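The structure appears below as structure tokens.
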Amino acid sequence: MTSRISGFYHLTPLERLDKISETVDLSDEEKTTLLDKGLSVQQADQMIENVIGTFPIPLGIAVNFKVNGEDVFIPMATEEASVVAAASNAAKLTYQTGGFTTSTTGSIMRGQIQIINVKNPYHTLAKIYEKKEDIIQLCNEQDQTLVALGGGAKDIEVFVLEKNKMVVVHVLVDTRDAMGANAVNTMLEAVAPLIEEISKAEVVLRILSNLADKRIVRARATFENLFNNKKDEVERFLSAYKLAMIDPYRAATHNKGIMNGISAVALATGNDTRAIEAGAHAYAASSGVYRSLSHWELGDDGHIIGTIELPLVVGIVGGATQTHPVAKLALKLMKIKSAEQLAGIIAATGLAQNFAALRALATDGIQKGHMKLHARNMALMAGAKMEQVDKVIQQAAEKETFNFDTMKEIVESQQN
Ligand SMILES: CC(C)(COP(=O)([O-])OP(=O)([O-])OC[C@H]1O[C@@H](n2cnc3c(N)ncnc32)[C@H](O)[C@@H]1OP(=O)([O-])[O-])[C@@H](O)C(=O)NCCC(=O)NCCSC(=O)C[C@@](C)(O)CC(=O)[O-]
Ligand SMILES: NC(=O)C1=CN([C@@H]2O[C@H](COP(=O)(O)OP(=O)(O)OC[C@H]3O[C@@H](n4cnc5c(N)ncnc54)[C@H](OP(=O)(O)O)[C@@H]3O)[C@@H](O)[C@H]2O)C=CC1
């Protein structure tokens, strides 16, 4: 199987699906699910409240990815043009240098229990640690499945916030292949009365933390030096990264570019994109200054070496991962066997996304590539009918501009 398919984007959606089906066995029913709207109103009505319909967004496939030695087609759900093209374009430049290599620190989530108006916080801290085993045992009584899978509550950490007379207990829970929020929150609510008994004070918050700093994923890759060793372009690329390390205004956009890739795969697999984004941005600020989640260095051979590290809390069970039919298919397309494997692929996609953006910004600028692909949206926005779009774009290309005003002029001239 190879994910390196040149010109994949010239195929029709059905031809792309057939191509992928050559290596991932998809039934006709599964193909229909993907090509139809993917989620029925009846299914949606089982997932959230007050359902009146569904909100389908495009599902693309990033090609050219090799992650930990395995070729993989990566499903990306996004409304933004050029994101899938960018990820594929960047991955292409790593295909011959070994692709992406990833690692994870495990699947430990932090659950927080906040205790207020604590008279003697340090005395309370000591008493809580003395009862650690009771706390852990009571947590694990809430989720036999998780414990049977080798997961469950493993440890606690206690913090004194002296100024506010608060003590915060962190329960460290291994949630295995689940994102784990529901599992952790259930444990915290069950153990809160015991914490109040030990501390002789009032518990308020019992909720997991999205700053999952014990569930860090790292990815690295070497990108062929497409600048043909043009020194100035390599320097421009690296200067764009360095700005994102020292300037929060730039770092916010730099990391948004990374999340274009990360959130698209997270959404496609039914994961909680808000939880992932909250954790990523909190981690980006954890040094005290909000900065880039990725790092870029010049390799000996002139290639550019990229690395990324961030908390990436994803599940392959729980949440919508198994209830949304397309999410299940997205996991099948990537042949996912564990949450850690999925997290690695997602981190690799974010790194690729970042390379493509920095490369465009350091050379032609983002608009040249982005607007060429965004043109279809602009033509439709300017009032073009579906059958008109290709002709409108052709005329816009002749004028070498894809802005709304030009599109509107072209559409109106064609319709008169
Ligand atoms: C857009 C490209 C890829 C064109 O780049 P190009 O060099 O014109 O592409 P190419 O024709 O040489 O093709 C190279 C490969 O790109 C892919 N590719 C090429 N065209 C397509 C297409 N139509 N559909 C799908 N895939 C496509 C495809 O894999 C292709 O390989 P091939 O199939 O030829 O062997 C390039 O200009 C690019 O990567 N630009 C960056 C775009 C980007 O980053 N978009 C994200 C949105 S902008 C944003 O929100 C993030 C940002 C910018 O703010 C972040 C930041 O500030 O850091
Ligand atoms: N701040 C946040 O991020 C919050 C997020 N959420 C939401 O919580 C949901 C995710 O919570 P989560 O607990 O994962 O969801 P679920 O409770 O749906 O699924 C987790 C449960 O699945 C069972 N399970 C079966 N197989 C496995 C396995 N291999 N590994 C791990 N668990 C397994 C476990 O035990 P058992 O069967 O005993 O349950 C586990 O408790 C998401 O929808 C998210 O949006 C909710 C609140 C806050």
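Order of listing sets the numbers, starting from 1, for every ligand and every atom in it. Worth saying up front: this structure is predicted, and the values here are computed from it rather than measured.
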Within the 4.0 Å heavy-atom shell around [X], which atoms of ligand 2 are there?
| X | result |
| --- | --- |
| Leu146 | 31 (C), 32 (N) |
| Asn185 | 47 (C), 48 (C) |
| Ala275 | 3 (O) |
| Leu149 | 26 (N), 27 (C), 28 (C), 29 (N), 30 (N), 33 (C) |
| Arg176 | 30 (N), 31 (C) |
| Met179 | 3 (O), 5 (C), 10 (C), 14 (O) |
| Gly318 | 15 (O), 16 (P), 18 (O), 19 (O) |

Contact check, His10 vs ligand 1, heavy-atom distance below 4.0 Å
no
Contact with ligand 1 for Thr253, non-hydrogen, under 4.0 angstrom
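For ligand 1, residue contact (heavy atoms, under 4.0 Å) with Thr253 is present.
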Among all protein heavy atoms, pick out the one at the shortest distance from [atom]; state its residue, atom name and that distance to 0.1 Å.
| atom | result |
| --- | --- |
| atom 35 (O) of ligand 1 | Ser6 OG, 2.7 Å |
| atom 40 (N) of ligand 1 | Ala360 CB, 4.0 Å |
| atom 51 (C) of ligand 1 | Asn260 ND2, 3.6 Å |
| atom 37 (O) of ligand 1 | Gly369 CA, 3.5 Å |
| atom 14 (O) of ligand 2 | Gly180 N, 2.7 Å |
| atom 17 (O) of ligand 2 | Asn182 CB, 3.2 Å |
| atom 29 (O) of ligand 1 | Asn64 ND2, 3.3 Å |
| atom 30 (N) of ligand 2 | Asp177 N, 3.2 Å |
| atom 52 (C) of ligand 1 | Ala357 CB, 4.3 Å |
| atom 11 (O) of ligand 1 | Tyr9 OH, 4.0 Å |
| atom 4 (C) of ligand 2 | Ala181 CB, 3.6 Å |
| atom 23 (C) of ligand 2 | Thr145 CG2, 4.3 Å |
| atom 8 (O) of ligand 1 | Lys372 NZ, 3.7 Å |
| atom 39 (O) of ligand 2 | Asp143 OD2, 3.8 Å |

Between [X] and [Y] (salt bridge meaning N to carboxylate O under 4.0 Å), is one present in this structure?
| X | Y | value |
| --- | --- | --- |
| Asp213 | Arg110 | yes |
| Lys328 | Glu30 | no |
| Arg376 | Asp390 | yes |
| Glu233 | Arg359 | no |
| Lys132 | Asp134 | no |
| Glu398 | Lys391 | no |

Side chain, backbone, both or neither: the part of [X] lying under 4.0 Å from ligand 1 by heavy atom:
| X | value |
| --- | --- |
| Leu361 | side chain |
| Met259 | neither |
| His254 | backbone |

Does a donor on one side chain sit under 3.5 Å from an acceptor on the other, for Asn68 and Thr102?
yes
Q | For Ile366, the ligand 1 atoms whose distance to one of its heavy atoms is below 4.0 Å | A |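 Contacts of ligand 1 toward Ile366, numbered from 1: 41 (C), 42 (C), 43 (C), 44 (O), 48 (S), 53 (C).
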- Message: Can you name the atoms of ligand 1, numbered from 1 with element, that are less than 4.0 Å from a heavy atom of Ala356?
- Response: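 Answer, ordered by atom number: 39 (O), 41 (C).
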For [X] and ligand 2, does the shortest N/O to N/O distance drop below 3.5 Å?
| X | result |
| --- | --- |
| Asn210 | yes |
| Val317 | no |
| Gly319 | yes |

Derivation of the side chain to side chain contact (heavy atoms under 4.5 Å, CB included) call for Ile113 and Val171:
CA-CA 8 Å; Ile113 299 174; Val171 181; 4.3 Å; yes
Where the closest heavy atom to [atom] is concerned, which of [options] has it?
| atom | options | answer |
| --- | --- | --- |
| atom 31 (C) of ligand 2 | Thr175, Thr273, Val173 | Thr175 |
| atom 6 (P) of ligand 1 | Asn89, Ile258, Val84 | Asn89 |
| atom 44 (C) of ligand 2 | Ile276, Asp272, Val147 | Asp272 |

Would you verify that at least one protein heavy atom lies under 4.0 Å from [atom], or report that none does?
| atom | answer |
| --- | --- |
| atom 16 (O) of ligand 1 | yes |
| atom 43 (C) of ligand 1 | yes |
| atom 21 (C) of ligand 2 | no |

Heavy-atom closest contact ([X] atom, [Y] atom, distance):
| X | Y | result |
| --- | --- | --- |
| Ser3 | Phe73 | CA-CE2, 3.8 Å |
| Ala268 | Leu59 | CB-CD1, 3.7 Å |
| Ala278 | Asn210 | CB-CB, 4.2 Å |
| Met334 | Thr269 | CE-CG2, 3.5 Å |

query: When Asn140 is tested against each of Ile135, Val147, Val173 for side-chain contact (heavy atoms from CB on, under 4.5 Å), which residue passes?
result: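 Among Ile135, Val147, Val173, the one that satisfies the side-chain contact (heavy atoms from CB on, under 4.5 Å) with Asn140 is Val147.
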**Prompt:** Would you say Lys154 has more than 12 foreign heavy atoms packed within less than 6.0 Å of its NZ?
**Reply:** yes
- [ ] Answer yes or no: is there a donor N or O on one side and an acceptor on the other, between the side chain of Glu400 and the main chain of Ala396, under 3.5 Å?
- [x]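 No, because the side chain of Glu400 does not come within donor-acceptor range (under 3.5 Å) of the backbone of Ala396.
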What about [X]: any of its N or O atoms under 3.5 Å from an N or O on ligand 1?
| X | value |
| --- | --- |
| Ser82 | yes |
| Arg250 | yes |
| Leu373 | no |
| Lys256 | yes |

- Query: For Glu202 and Ile115, what are the C-alpha separation, side-chain angles and deciding distance, and is it a side chain to side chain contact (heavy atoms under 4.5 Å, CB included)?
  - Reply: CA-CA 6 Å; Glu202 182 187 359; Ile115 316 167; over 6 Å; no
Leu211 vs Tyr283, side chain to side chain contact (heavy atoms under 4.5 Å, CB included): CA-CA, chis, key distance, verdict | CA-CA 7 Å; Leu211 177 48; Tyr283 191 73; 4.2 Å; yes
